[in-house]
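Taking it in order: structure first as structure tokens, then the write-up.
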Amino acid sequence: QAQLVESGGGSVQDGGSMRLSCAASGYTGYTYSKLCMGWFRQAPGKEREGVAAISSDGSTSYADPVKGRFTVSRDNAKNTLYLQMNSLKPEDTAMYYCAARYSNSFCRYYDAMSAWGKGTLVTISS
């Protein structure tokens, strides 16, 4: 059974950096490479929102609030998705979720996903 497990969350100060990882299991290397992968977040009292996505061909999509600060990448050899977050702000505080769906088309940061991880908490203090 396919599973997505996030790691790397924690607490940093305003302006700091953090890298999240999402390890996928239950996929072969070939099937993982065909996945659209994305990061979403949900802040306390707010709806879940898309943050970034990466298509099977490596093209990327970002929400406006994180453009220029966050970078999404994937290592298909390790079945792992990453989110490098720089210049973090208190408003980036949220639970961050990894998500996936099969797709051969361009993957947008707000696209619906079919598989979800349980999340990792990111807290930015001012």
Gap separating the OG atom of S73 from the CD1 atom of I54, nearest 0.5 angstrom: 6.0 Å

From CA spacing to verdict: ring pair (Phe, Tyr, Trp, His ring centres under 6.0 Å), W116, F40: CA-CA 10 Å; W116 293 85; F40 292 73; 4.8 Å; yes

Closest heavy-atom pair and its distance - A94, L121: O-CD1, 3.6 Å

Point-to-point distance, once rounded to the nearest 0.5 Å, from CG of L83 to CE of M18: 10.5 Å

Approximate separation, where rounding is to 0.5 Å, of Y97 OH and W39 CH2: 12.0 Å

Side chain to side chain contact (heavy atoms under 4.5 Å, CB included) between Y96 and M85, worked out: CA-CA 12 Å; Y96 281 71; M85 305 185 293; 3.9 Å; yes

Shared hydrophobic cluster for M95 and V122 (ILVMFWY, side-chain gaps under 4.5 Å): no

Under 3.5 Å: donor-acceptor pair, side chain of T80, backbone of K78: yes

Donor-acceptor under 3.5 Å (S61 side chain, Y109 main chain): yes

Flag side-chain contact, heavy atom, 4.5 Å: K118 against V5: no

Side-chain (T120) to main-chain (G9) donor-acceptor, under 3.5 angstrom: yes

Disulfide (SG to SG under 2.5 Å) contacts touching residues 24-85 (sequence neighbours left out): C36-C107

Ring geometry between Y102 and Y27 (parallel below 30°, tilted from 30 to 60°, perpendicular above 60°): perpendicular

Distance in Å, T60 OG1 paired with R108 CZ, rounded so as to fall on 0.5 Å steps: 14.5 Å

Pairwise distance OH(Y62) to CZ(R69) - rounded to 0.5 angstrom: 12.0 Å

Single-linkage hydrophobic cluster Y32~Y82, side-chain heavy atoms < 4.5 angstrom: no

Those residues that, when tested against R74, pass salt bridge (charged side-chain N to carboxylate O under 4.0 Å, His left out) (two or more places apart): none

Separation of L88 CG from F70 CZ (nearest 0.5 Å): 5.0 Å

Pairs touching residues 2-18 that satisfy side chain to side chain donor-acceptor pair (under 3.5 Å), sequence neighbours left out: S17-N86

Nearest non-hydrogen partners of N76 and S33, listed with the distance: ND2-CB, 3.7 Å

By salt bridge (charged side-chain N to carboxylate O under 4.0 Å, His left out) - contacts of D64 (at least two apart): K67

Within-4.5 Å side-chain heavy-atom neighbours: L4 and M37: yes

Nearest heavy atoms of I124 and D92, plus distance in Å: CG1-CB, 4.2 Å

Contacts of type salt bridge (charged side-chain N to carboxylate O under 4.0 Å, His left out), residue R101, not counting sequence neighbours: D111

Any pair counted as side chain to side chain donor-acceptor pair (under 3.5 Å), so long as it reaches residues 46-58, sequence neighbours left out: R41-E49, S55-S59, D57-S59

